[in-house]
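Protein chains get the first letters and strands the later ones, always in sequence-line order, with residue 1 at the start of each.
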Amino acid sequence: MFSLMIRPLFKNKKFIIGISIFIFFLLLGILGPVFYKVDPTEMTWDYEQPPSSEHPLGTDTYGRDVLAQLFHGIRSSLYIGFLAAIISSIIGTIVGSFSAVKKGITDDILMAITNIVLTTPSMLIAILIASYLKVRSMEAVAVILGLFQWPWYARAIRAQLMSVTSREYVYLSIMAGYSDTKLVIEDLLPTIATYAFMSFVLFINGGIMGEAGLSLIGLGPTQGISLGLMLQWAVLLEAVRRGLWWWFVPPGIAIVAITASLMIISTTMDEVFNPKLREE
Amino acid sequence: MTFKPMLKFLLRRFVFLLVTYIVATTIVFILPRIIPGNPLAQMLSNLSRVAQANPEAIRAAEKTLMEEFGVDKPILVQYGQFILKALKGDLGTSISYYPRKVIDLIVPVIPWTLVLLLPATLVAWILGNTLGAMAAYRRNTWIDKGVLTAALIVSQIPYYWLGMIFIFLFGVKLGWLPVQGAYSQGTIPSFSWEFFVDALKHYIMPFASIVLSAMGGWAIGMRVMVINELGSDYALFSEYLGMKDKRIFKYAFRNSLLPQITGLALNLGTVLGGSLITEIVFNYPGTGYLLFKALTTLDYPMIQGIFVILIASVYLANFLVDFLYAWIDPRIRLGQEE
Amino acid sequence: MSRLVVENLTKVFSLGFFSRRYIKAVNNISFDIKEGEIVSLVGESGSGKTTTAKMILRLIPPTSGRILFEGKDIWKDIKSQEALRDFRRKVHAVFQDPFASYNPFYPVERTLWQAVNLLEKSPSNKKEALELIKESLVRVGIDPKDILGKYPHQISGGQKQRVMIARCWILKPLLIIADEPTSMVDASSRGGIIQLLEELREEQGTSIMFITHDLGLAYYVSDNIFVMKDGEIVERGHPDKVVLEPTHEYSKLLVGSIPKLYRKLEGL
Amino acid sequence: MKNREILFKMENVKAYYKLEEVTVKAVDDVSLEIFEDEVIGIVGESGSGKTTLSNVISMNIMKPLTLVEGKVFLKINGEFEEISSMSREEVKKKFWGKEITIVPQAAMNALMPTIKMSKYIEHLAQSHGIDKNELLSKAEKRFEEVGLDPLWLKRYPFELSGGMKQRAVIAIATILNPVLLIVDEPTSALDVVNQKIFLKVLMQMKKMGIVKSIVFITHDIATVRQIADRMVVMYAGKIAEISPIEEIVQKPLHPYTQGLLNSVLTPEPEIRKRGITTIPGAPPNLVNPPSGCRFHPRCSYAMDICKEKVPPLKEIEKNRKVACFLYMEERK
């Protein structure tokens, strides 16, 4: 069944474009720093140089190599994105499924909380929390971002599970003496799997964009290099107004390419799977 | 016609938003007190760095700060004081601009943010929805595919990066528009024609960058929604009755707008966050820029103050959107929601 | 002897968090089903008939009242896991929607494996179990080749319902709750499914309870009919009595509104 | 049966769903006439092509459905006009609402939810270039005729109950006095009490001459029996039998019709006596239908010729047409 589900995806041109772009950037992030062994933090006297054979993407005000920064930045941004997505998915899945399975007051309370978080301007709260943390590791940033993007997903999971748990096949499994755990694993999880995957992809986007936002406002990770930090330095040191395009254009392109490719993956999955599900 | 259900709906939304707002402000209050590493102590130690190096002034500031945060009292009392003061409009004293009051610093920058944010958000919403609806109406034509692809990519461009590209292209390379600020340095805001033209020139790029990158998302959502509505039973029946295509399309558009309004409400926070950063990129003298300054100087009373106001405005806007929604959708007005 | 006794069964649902509302889905109903008896619970949607079925199947708990199966209260007297499995073996169901009865992620025969694994004496090895499954399929008129390894969307609705009956045949329950088993099946397949259920009763003395909105079906198959309306049983008795001489206003209206094949309705 | 004027006819129509890889022959070589002043019931199981047939009658032909062959005529002002030569858009502009109206399956959701019904009527008037006050007063009258207080026009559809909505839909569907009303499985979502009311209102529209003829599409023979003058039995994209309703119920000719009637369960003593039978097997896949008579693999009377030749639809008794070699042999 799994291969049956995957195959139509690879017949979809848009999906192939999306996944190729994403894999390309993923490889840049993973392999870039391995093969391009320039220290992104090393300061040299070659500052603010436009792209050349020595520095393919030029250097910044401190003479650091932009290409090396880009590779490390992609790596960190993806890392933060993935981590934030994992956190959001876990919270969302737990809240959504508890709500759906326990019903009653548990459901009422969890949904009230979900709605409150949903209406809370999450970016603002994230900024606030980050502002109080003096040292912000990549992980801390991911946690801050992950804590606020789950509500819509929890609601969707709840709705899906609610409809699944009133399906006859779930009753039939219960009537076949299934324990709750077995029921969840065999009948409930597979139904929400595609949706959960699609949401996970969008959460990565949220994480990457969120990191860039936090960084620009001065609240990004305090160590390491991310795409957002590159942009922040460029803004701080007036790279834009001084026309040092090689410094702020590449990280932006990387952000747009990664998030757009993930977006394409998610929407094409929706296109491919939804009509199928409706037919059944 | 009775408006009771509508009032009931609005009352319920109001209570919900109030509760949520209280939760949010409680977070604002509690954070500095629970975060490890005691930010309060850090704040005090920072004082000497940021305030003028006058020891007396530092001590005075320290005293105000201690009083305002009321660290020596039980936390519930502190909380009560915080709320009471906030209700009176007293948001404490700024550190970096000591001894000016936070509220006095925030009030003058708010109009700048509103002038940028409100029109940009509305224009993006209207343009995006129109484009999305057009794409749906001409489904599977090149217009549809073009709009969809463009929207998909544009919606992924962060406002602020688009802003940077604009500054570089139109400001630095082409020199058409000023590269920063809300008006030229040296001019004093006034209601003169010259000032208006000057401000407008500064306004175009930040405005356009927000509009462009925000409208893609609306377009995508609207397109899907209108396509669904056009395939719904009432659209079919209207067609069978010989209703004009344009009219059916208007129906679909109208019914798709309703969820888009909810979407607008839910997105206000994100939109606000994005435009704050846009302000930073453009050195635009709005709330975002003030917040940025406060963050870099660790002016916590100011940060708190800004957040109390920003969050309140998000909820206020939310409530206005609810009002609009109830006004447009008869199902809510007449008490048959969800 | 009565196999199932339902006494003063009531189910109240509560909705809403802040302003709680209560809905009485089933209101103080009592009836019983004898060994080898076929009864029908007839009602429109919202009459409480499906809620009743779910309570008897031990899927949702009643608010008050008792359900006695073979003399034991199924909500109070079943305490151990083993006792519950025993109950599951003895009371089974066929549901309305053949599409929703199968998880689209698994092959159709999963439902039969579930039944085999529930048996008291499960076959000792996989091969024997598979033989049993094949036998059950043949029994319901399906060539095992046609469905083994297939996914739900690859077989027809009628076949799906037959496989459900094969599941019952493997378990040989004492009571089958058939919740609208034919309403979503094409007319030409309908008779076969009813016949298969009737055969189960002939061979094994299975009691069957049809839950249906279709008075025609109930009239045809039942020994006893209960008509439900707004959570209450408003009319009960032998099919001829309920259909030909209804006494309650609602059953009169119902009988008078159902289109017939050999008579024209009055007032059209 | 008296000789009636023909209102609508289709000749040798083939309408296929042309999908990417396969072609579904949903309506395959079907000819049919609809008389003035009659209710014709089209009966078939799911996948028999009955809904596609209704789409052909109204020329509601949209990709992937394609009219491959055949002609469709509708009598307008006493003359037959070939509507199959027009595009869907043209037919829609010229005839829908005024001459032909379809009441869709999910009539419950058929009304535009967020405007008042009076507003909807006004829009309808605009679309057809009629004075809106004229149409509104007509709507008020029509609402009264279907048993709804005209005041409801000033309300939103969701304020009506299920049965009332159904009536409002009929009232609005017939507001321009279409000659032909096509009703597709309208009653399946209703409880029997409202079903009966719906049928009553529908028949009333016909008795009052508001609509001339009604095409009633359903899988439920007992319902068709109540209101139809003739019944068309569809099987696997073809017509198996067309007969006046009384005769087909008393003496079905086609083996498929016999099987179908024998599977009907209504609360009647005759049915309890008769018992219930099943047609073995399942309806065929319309991508690759069986050769010859499409019913032959399931037919207990099947002969050799049934596998080879397609039985034509022939009139074998007055007004009774059947596509089965059993009767053609008898004739010989």
Under 4.5 Å to a heavy atom of chain A? For Tyr21(B) that would be neither

Within the 3.5 Å criterion, strictly below it, is a donor on Thr268(A) or Asn12(A) matched to an acceptor on the partner's side chain?
no

Shorter than 4.5 Å, heavy atoms on both sides: which option in Ile153(B), Leu152(B), Ile220(B) has the most such pairs with chain A?
Leu152(B)

Portion of Asn115(A) that has a non-hydrogen atom of chain B nearer than 4.5 angstrom
both

Chain B contact via Gln149(A) - which portion, at a heavy-atom distance below 4.5 Å
neither

Is a side-chain donor-acceptor pair under 3.5 Å present for Tyr79(A) with Glu139(A)?
yes

Report which part of Val249(A) has an atom under 4.5 Å of a heavy atom belonging to chain B: side chain, backbone, both, or neither.
both

How are the rings of Phe170(B) and Phe166(B) set to each other: parallel, tilted or perpendicular (split at 30° and 60°)?
perpendicular

Side chain, backbone, both or neither: which part of Thr119(A) has a heavy atom under 4.5 Å from chain B?
both

For Leu219(A), which atoms come within 4.5 Å of any heavy atom of chain B: side chain, backbone, both, or neither?
side chain

Under a 3.5 Å cutoff, is there a donor and acceptor pairing between the side chains of Ser226(A) and Ser76(A)?
no

Heavy-atom cut-off 4.5 Å, strictly under: side chain, backbone, both or neither for Leu291(B) against chain A?
side chain

Measure Val23(B) against the heavy atoms of chain A and call it side chain, backbone, both or neither at under 4.5 Å.
side chain

Distance alone, cut at 3.5 Å: any donor-acceptor contact between the side chains of Thr259(A) and Asn205(A)?
no

Decide, yes or no, whether a salt bridge links Arg223(B) with Asp144(B) under the criterion of side-chain N to carboxylate O below 4.0 Å.
yes

Tell me whether the centres of the aromatic rings in Phe82(A) and Phe203(A) are closer together than 6.0 Å.
no

side-chain contact (heavy atoms from CB on, under 4.5 Å) with Ser261(A): which of Ile21(A), Val256(A), Val201(A)?
Ile21(A)

With only heavy atoms counted, which part of Leu236(A) is less than 4.5 Å from chain B, the side chain, the backbone, both or neither?
side chain

Honestly, the part of Asn267(B) sitting under 4.5 Å from a heavy atom of chain A is neither

Side chain, backbone, both or neither: which part of Phe307(B) has an atom under 4.5 Å from a heavy atom of chain A?
side chain

How about Thr59(A) and Gln49(A): does a side-chain donor come under 3.5 Å of a side-chain acceptor?
no

Please state whether the side chain, the backbone, both or neither of Met263(A) comes within less than 4.5 Å of a heavy atom of chain B.
side chain

Which atoms of Val314(B) are under 4.5 Å from chain A, going by heavy atoms: the side chain, the backbone, both sets, or neither?
side chain

Decide yes or no for Ser209(B) and Phe282(B): does some side-chain heavy atom of the first lie under 4.5 Å from some side-chain heavy atom of the second?
yes

Do Glu211(A) and Ser215(A) pair up side chain to side chain, a donor and an acceptor below 3.5 Å, judged on atom types alone?
yes

Looking at Leu17(B), Leu268(B), Val271(B), Ile157(B), which has the largest count of heavy-atom pairs under 4.5 Å with chain A?
Ile157(B)

Whatever's closer than 4.5 Å to a heavy atom in chain A on Phe16(B) counts as side chain

Which portion of Val19(B) sits near chain A, non-hydrogen atoms under 4.5 angstrom:
side chain

